[in-house]
Protein chains: 2
Amino acid sequence: MKKKLNLKQVAEQLRVSTATVSNAFNRPDQLSAKLRDRILKESAELGYFGASLAARSLRRGESGVIGVMLADSLSYSFSDPVANQLMQGIAEVLVEQKKQLLLLSNGVSSAEQSGAETLPDGFILYGALQGNAFEHILRTGKPVVAVDFEFSETASVNIDNEQGAYAIASHALSKDDSSQVAILGLRLIDSARVCRLVSEDLVSQSKEISRSRLAGYLRAAKDKGTNISADKIWHIPINSPERAEIAAREALTSNPLPNVLLCMSDVIALAALRVAHELNIAVPEQLQVTGFDDIPEASRSTPALTTVCQQSLEKGRIAARMLLEGNMNEKRILETRLVVRQSCK
Amino acid sequence: MKKKLNLKQVAEQLRVSTATVSNAFNRPDQLSAKLRDRILKESAELGYFGASLAARSLRRGESGVIGVMLADSLSYSFSDPVANQLMQGIAEVLVEQKKQLLLLSNGVSSAEQSGAETLPDGFILYGALQGNAFEHILRTGKPVVAVDFEFSETASVNIDNEQGAYAIASHALSKDDSSQVAILGLRLIDSARVCRLVSEDLVSQSKEISRSRLAGYLRAAKDKGTNISADKIWHIPINSPERAEIAAREALTSNPLPNVLLCMSDVIALAALRVAHELNIAVPEQLQVTGFDDIPEASRSTPALTTVCQQSLEKGRIAARMLLEGNMNEKRILETRLVVRQSCK
DNA sequence: TTGAAAGCGTTACCAC
DNA sequence: GTGGTAACGCTTTCAA
């Protein structure tokens, strides 16, 4: 195999100037079709297929690469169905627009100077980033779309979590005034362990997703005249089936037994269904279970999950389109939709 | 916000030379700790956090970016549990080694000259790529690790699909000589529709994954004295729950009813479990179901899935390590493991 | 320990 | 329609 050639060497070989070769690749109108065809064909024969991204991007000031940074670790994110659906939507649009996708790892240490945030032409940020990665990205001055969090200076795509939670809780509580309600909550407090809340934990003005959902649940309960005390609310530190099962087992072996279980994610709700099955608790007859997200698995479980559709896929598409179309002032709030299936009629 | 500065301007502001600033970031030993600290601190204040990737990569000839190209479309891959587990393993190692991850879309058209394949220092290729993307990547002369396919000139990580399939089929067929066996196969022929095979379809020397698995099933059947005719083998064009359900429904409403169902992926097997449940066919009493892959969901279904663990996560880790450590001659074959759960005792 | 300068591969302006 | 050439931002050698 011959040594890799660069544009200059190709130009020499073909006995034209570098500008002409460059034009052949980038600006068809700048030369005769005939010459262009010759150049394209012969460079391919020489093993030259186009400019190096580094050089072109240095010169042009843009790379054709879009950076996506996820609040959770990259590795974990690949196991999260919601993140995957979002990525799927993003990827769909980027591929269609011939953009490349750089996955930035949101490391804690600022020391990891790879400078990767300098390459992309724009960013999609999923979830509120901790650390100074966020700041670094803002400093680049490049367009940013925030997904599932809000930042004054950037465009964003969000859903109304409070409203979605209110809707599903209202549905779950509608038939029975004397409900025993338990809540399996995600990331409600700052603890790495599954545990119940205490009453002080309820006072929080946080705008985090999980706090909004909790607020929605509690508002619905209040409207129905139901009370939910702090010890009926579980905190789950991470959206994993294993942790969720632990919490579900605690909740479903507590006394009095809840007959409505509001779960802050479908992963948690699915875990609850498994635990209920294992404990011979009939769903929905003895226990109503609700989820949140509407991940693909939600419609396939037995019983199928009643949940709130937050359109993660569409969210990804929209975020990507906003970024590419440059709507950098838009603050988009997507509709949520109550999806009633068997787990909570 | 101030205009973005470059290294040269930072050097001017700090009244040192560009080389000194560069050294402060890249070669701590080339200057006094004191000066270095001052430079780092003051550049951060000026909003300079390190070199632009394009420029550094142009100059140094390496970027710190690893490219991953998937045989299936990027968007689809995010919905595939096996691909996601692989990516999880890859991401784990790359983050740990402070490498960035560029996801290359395997577009069909060679026209999409984004030149993205010129940036990465190395590639992980998952599945046999169609089109000339593969050739382009090889031409770069950069290290490549092939996953789940074999190419003479590159390192690779594979499993022995024939053997894994043989093992699970032997297990499934061990108790009953008069088994009615059906196979739900993935990508066995070149058709976009779910359909049964005909006998001509059985002759194939292809080394594709699905063909190896089929060979393993058939060898096991032969060893047990069971015959499996072509019309008991279904072709499913894509590993999606929807398609799999169609095939499963066909198979489980055919006459004579199969009592052993060998599925070439867990996604397919899980679909089969759902269909069996819907048709009131008891698993494993009336119907034994086996999967392949051991995705996380396999252990969570009811009944839990008997399957072949192919260690997708570890596969990703190993591929990434091989690439980073530069073992470019290694051809690694990972062990598969039979995982017996309730769906096929 | 520091500074000047060459050059990485490309593009785009401006002449011809 | 075509060809010089400066500039993109940085690293690294070499000399001071």
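Treat the numbers as computed from the prediction; the structure is a model and nothing was measured. Numbers restart at 1 for each chain; the letters A, B, ... are given by sequence-line order, proteins then strands.
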[X] side-chain N/O to [N] phosphate OP1/OP2 under 4.0 Å:
{"X": "B:Tyr48", "N": "D:dC10", "answer": "yes"}
{"X": "B:Arg60", "N": "D:dC10", "answer": "no"}
{"X": "B:Arg56", "N": "D:dC10", "answer": "no"}
{"X": "A:Thr20", "N": "D:dG3", "answer": "yes"}

message: If you only use heavy atoms from C-beta on, which nucleotide in C:dT2, D:dT2, D:dC10 is closest to the side chain of B:Ala51?
response: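 From the listed options, D:dC10 comes nearest.
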- prompt: What nucleotide, of C:dG3, D:dT2, D:dT12, holds the atom closest to the side chain of A:Ser32?
  reply: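 So the nucleotide nearest the side chain must be D:dT2.
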message: For A:Phe78 and B:Phe78, take the angle between the two ring planes, folded into 0 to 90°, and tell me which bin it lands in: parallel under 30, tilted 30 to 60, perpendicular over 60.
response: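 Geometry flag for B:Phe78 against A:Phe78: parallel rings.
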- request: Kindly indicate whether the side chain of B:Val144, heavy atoms from C-beta on, has any atom under 4.5 Å from the side chain of B:Met328.
  value: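 No, too far: nothing below the 4.5 Å cut-off.
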Salt-bridge present (B:Arg38, B:Glu42; N to O < 4.0 Å):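 Looking at B:Arg38 and B:Glu42, the cut-off is met.
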Have a look at [X] and say if it touches a base, only the backbone sugar-phosphate, or nothing, with a 4.0 Å heavy-atom cut-off.
{"X": "B:Asn26", "result": "sugar-phosphate"}
{"X": "A:Leu58", "result": "base"}
{"X": "A:Thr18", "result": "base"}

message: In whole Å, I'd like the distance from the CD atom of A:Glu62 to the P atom of D:dC8.
response: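 Checked: the CD to P distance equals 17 Å.
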Atom-to-atom span, CZ of B:Arg59 to C1' of D:dA7 - whole angstrom: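 After rounding, the reported distance stands at 16 Å.
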message: Using heavy-atom distances to pick each residue's nearest nucleotide on DNA chain D, tell me which of B:Ala19 and B:Ala54 is more 5'.
response: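 Counting from the 5' end, the first nearest nucleotide belongs to B:Ala54.
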